[in-house]
Amino acid sequence: MQERRKEPRKNLMSYSQVFDVHDGSLLGYLGDLTSFGAMVISDMKLDTGRLTTISIQLPELEGVSETSINLPVRIVWCKQDLSPEYFNVGLEFQTMTDKQRKIVEAVVENYEFRRQNPSYPPHPNELSANE
């Protein structure tokens, strides 16, 4: 399947709560985030194609006084997680102000889980092949 993502996913170290603004229910926890959308880990299956507004509870961010951000979204996909009691839900942001975009970018910048490649010494077989 061809990847249609406009921006690479950023897995987060801060699993912020995500609520449905219309009924106040907890949709789940933020799994990854870009300026185009998010993936939420939920304990319920959500209907794809549905439009709603979410509220993401923000982690502590320097220079940001807001504790949450509300964004209109479309539920793009919903798939069962590796743990069968959970679902991964893809959300596409419908509109976003410049201020909201800066907040999302600050969350990604400050809470992205960075996987660093270990710097192992070369294997002895690799040394002899290069000589």
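Here the structure is a predicted model, which means the values were calculated and not measured.
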- Message: Among residues at least two apart in sequence or on other chains, which ones pass salt bridge (Lys or Arg N to Asp or Glu O under 4.0 Å) with Asp20?
- Response: Arg50
- Item | Euclidean distance, Asp43 CG relative to Ser83 OG, rounded to 0.5 Å | 12.0 Å
- Item | Distance (rounded to the nearest 0.5 Å) between Met39 CE and Lys79 NZ | 10.5 Å
- Give a yes or no on this: more than 12 heavy atoms of other residues, nucleotides or ligands lie within 6.0 Å of atom OH of Tyr86. no
- Is there a donor-acceptor pair closer than 3.5 Å between any side-chain N or O of Ser42 and the backbone N or O of Met44? yes
- Derivation and outcome, side chain to side chain contact (heavy atoms under 4.5 Å, CB included), residues Phe36 and Met96: CA-CA 9 Å; Phe36 296 103; Met96 185 183 288; over 6 Å; no
- If you take all heavy atoms of Val64 and Leu58, which pair is closest and at what distance? CG1-CD1, 4.5 Å
- Kindly compute the distance separating OG1 (Thr34) from CG (Leu91), expressed to the nearest 0.5 Å. 10.5 Å
- Task: Report the distance from atom NZ of Lys102 to atom CD1 of Ile69, rounding to the nearest 0.5 Å.
- Result: 12.5 Å
- Query: What are the two closest heavy atoms between Ser16 and Ile56, and how far apart are they?
  - Reply: CB-CG2, 4.2 Å
- With side chain to side chain contact (heavy atoms under 4.5 Å, CB included) as the test, would you mind laying out the steps for Leu27 and Val89 before giving the verdict? CA-CA 9 Å; Leu27 291 180; Val89 182; over 6 Å; no
- Note on the structure: Heavy-atom nearest pair, Gln57 first then Ser68, reads NE2-CB, 3.6 Å
- Query: If you draw a 6.0 Å radius around CG in Asp98, do more than 12 non-hydrogen atoms from other residues or ligands fall strictly inside?
  - Reply: no
- Message: For a 4.5 angstrom cut-off between non-hydrogen side-chain atoms, does Trp77 reach Asn88?
- Response: yes
- Item | From CG (Leu71) to CZ (Phe93), nearest 0.5 Å | 5.0 Å
- Task: Determine the minimum heavy-atom distance between Ser25 and Asp23, stating which atoms define it.
- Result: OG-OD1, 2.7 Å
- Shortest non-hydrogen separation from Thr53 to His22 and the atoms involved: N-NE2, 3.4 Å
- Query: Are Leu26 and Val21 linked, directly or through other ILVMFWY residues, by side chains that come within less than 4.5 angstrom of each other?
  - Reply: no
- Item | Nearest heavy-atom neighbours spanning Ala38 and Leu30 | CB-CD1, 3.7 Å
- Task: Apply side chain to side chain contact (heavy atoms under 4.5 Å, CB included) to the pair Thr52 and Val73, showing each step before the final yes or no.
- Result: CA-CA 6 Å; Thr52 191; Val73 299; 3.7 Å; yes
- Message: Test your reading of the model: is there a side-chain donor-acceptor pair from Gln100 to the backbone of Asn70, 3.5 Å cut-off?
- Response: yes
- Item | Reported CD1-to-OG1 distance for the pair Ile75 and Thr48, which is rounded to 0.5 angstrom | 8.0 Å
